[in-house]
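One structure is given here, and the rest of the page talks about it.
When a ligand or atom number is given, it counts from 1 through the structure's own listing order.
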Amino acid sequence: MAKRADLYGVGSGGSFLVTGYNQAHAELSAQLQSWLGVEAVALFNSGYSANQAIIKLLLNKQDILLQDKLNHASLMEAGFLAPCKMQRFKHNDIAHLGHLLSKAEQTNKLIISEGVFSMDGDCAPISALHAQAQSSDAWLMIDDAHGLGVVGKNGQGSVQAAGLVNRDIPIYMATFGKALGVGGAFVAGSKKLIDYLTNYSKPYIYSTGMPPAMAYCISQACTIAEKEQWRRDKLSELIATFRRLACENEIQLGDSHTAIQPIIMGDSKRCVAVANKLKQMGLWVTAIRPPTVPEIALVYV
Ligand SMILES: *Cc1c(COP(=O)(O)O)cnc(C)c1O
């Protein structure tokens with residue numbers, strides 16, 4: 001980071017459309033295109049703003065948005081603020097989604113799901129979502145904030161892990177702040193979609209571009225994620241050990257085989273007490289309480 005800060009200065013100096021886009025951003029974009037096999041990408045300072053940008057730009061009053069009930073708050077909030085109609089389908093329930101789609105009279109339909117769910121750690125049935133979207137002539141967007149870098153061949157994410165390729169999904173979005181350990185986000189799609197996004201989306205146009213030094217750091221993180229398979233192997237080993245020990249100690253776990261392993265405590269006070277006790281033992285395990293999750297409290301590992 002210090003190397004690039006010397007070269008470009010830390011800040012980007014303005015919107016991507018003014019002075020904010022330089023070589024570091026171009027290199028990162030090209031790297032994402034080749035790593036993930038996507039046609040074009042748009043960079044954002046956060047996943048929150050990427051989700052706002054996409055949903056608000058693409059959906060008008062006469063359109064419909066269908067979201068998995070457990071989608072991240074940044075997606076839900078954008079959906080509530082957008083002028084379109086929004087409906088939520090039961091978590092990972094393709095039959096319910098199909099039912100809602102069959103009733104939808106709107107021509108433009110967008111389905112959104114996370115790849116790996118941020119609170120429960122389970123995975124979306126991406127190939128079934130893709131098939132449903134195709135047969136209903138709907139667009140599909142996957143928010144892969146918790147999949148990129150940790151699942152799929154070479155860390156290419158949830159779509160790849162589901163047996164498809166990222167290009168099969170019209171809108172693929174992921175963040176650089178989770179597994180990649182930096183910050184920021186991108187949206188990938190066809191060149192046409194990305195041109196439209198970068199020319200008309202307000203969160204993209206009216207915001208200072210990602211610092212180039214940060215774009216450089218993200219590039220380094222992407223290279224590590226792509227090339228160092230042993231990190232994913234190690235993670236799988238740790239997840240298996242955690243699940244085995246939990247089972248041996250009769251701690252009930254959810255149906256997750258990813259790095260997100262919730263333990264449902266059922267009571268906020270107890271949840272915080274357990275988290276504090278673990279902290280005293282040197283383990284940083286966050287208590288997640290409503291309204292971040294529904295009225296059942298979780299301890300987040
Ligand atoms: C963290 C997260 C976001 C928000 O990304 P930020 O870069 O933190 O704004 C969006 N979607 C999901 C699923 C996330 O887990």
Judged by heavy atoms only, the candidate from Q52, E114, M119, M173 nearest atom 13 (C) of ligand 1 is E114
With distance as the sole test, does Q160 use its side chain to make a donor-acceptor pair with the main-chain N or O of K153 at under 3.5 Å?
-> yes
Would you check the N or O atoms of A145, main chain and side chain alike, for any that come under 3.5 Å of an N or O of ligand 1?
-> no
Looking at H146, which atoms of ligand 1 are within less than 4.0 Å of one of its heavy atoms?
-> 15 (O)
Spell out, as yes or no, whether a donor-acceptor pair under 3.5 Å connects the side chain of S201 to the backbone of T198.
-> no
Are the aromatic ring centres of Y204 and F44 under 6.0 angstrom apart?
-> yes
Could you say whether the N/O atoms of S118 and ligand 1 ever approach to under 3.5 Å?
-> no
Hydrophobic cluster membership, L17 vs Y196, 4.5 Å side-chain cutoff | yes
Could you list the donor-acceptor pairs under 3.5 angstrom formed between side-chain atoms of residues 52-61 and any protein atom two or more places apart in sequence or on another chain?
residue, atom, partner, partner atom, Å
Q52, OE1, K56, NZ, 3.1

Relative to ligand 1, is S74 under 4.0 angstrom through side chain, backbone, both or neither, heavy atoms considered?
-> side chain
Please write down residue, atom name and distance for the protein heavy atom closest to atom 7 (O) of ligand 1.
-> G47 N, 2.7 Å
Between E39 (side chain) and K191 (backbone), is there a donor-acceptor pair under 3.5 Å?
-> yes
Using the benzene-type ring in the case of Trp, are the ring centres of F117 and H146 under 6.0 Å apart?
-> no
Atom 12 (C) of ligand 1: of D143, N51, D144, I142, the nearest heavy atom sits on D143
What residue and atom, counting heavy atoms only, is the protein's closest point to atom 3 (C) of ligand 1, and at what distance?
-> H72 CE1, 3.5 Å
Measure the distance from atom 2 (C) of ligand 1 to every protein heavy atom, then report the residue, atom name and distance (to 0.1 Å) of the closest one.
-> K178 NZ, 2.5 Å
Which residue and non-hydrogen atom of the protein lie closest to atom 9 (O) of ligand 1, and at what distance in Å?
-> Y48 N, 2.9 Å
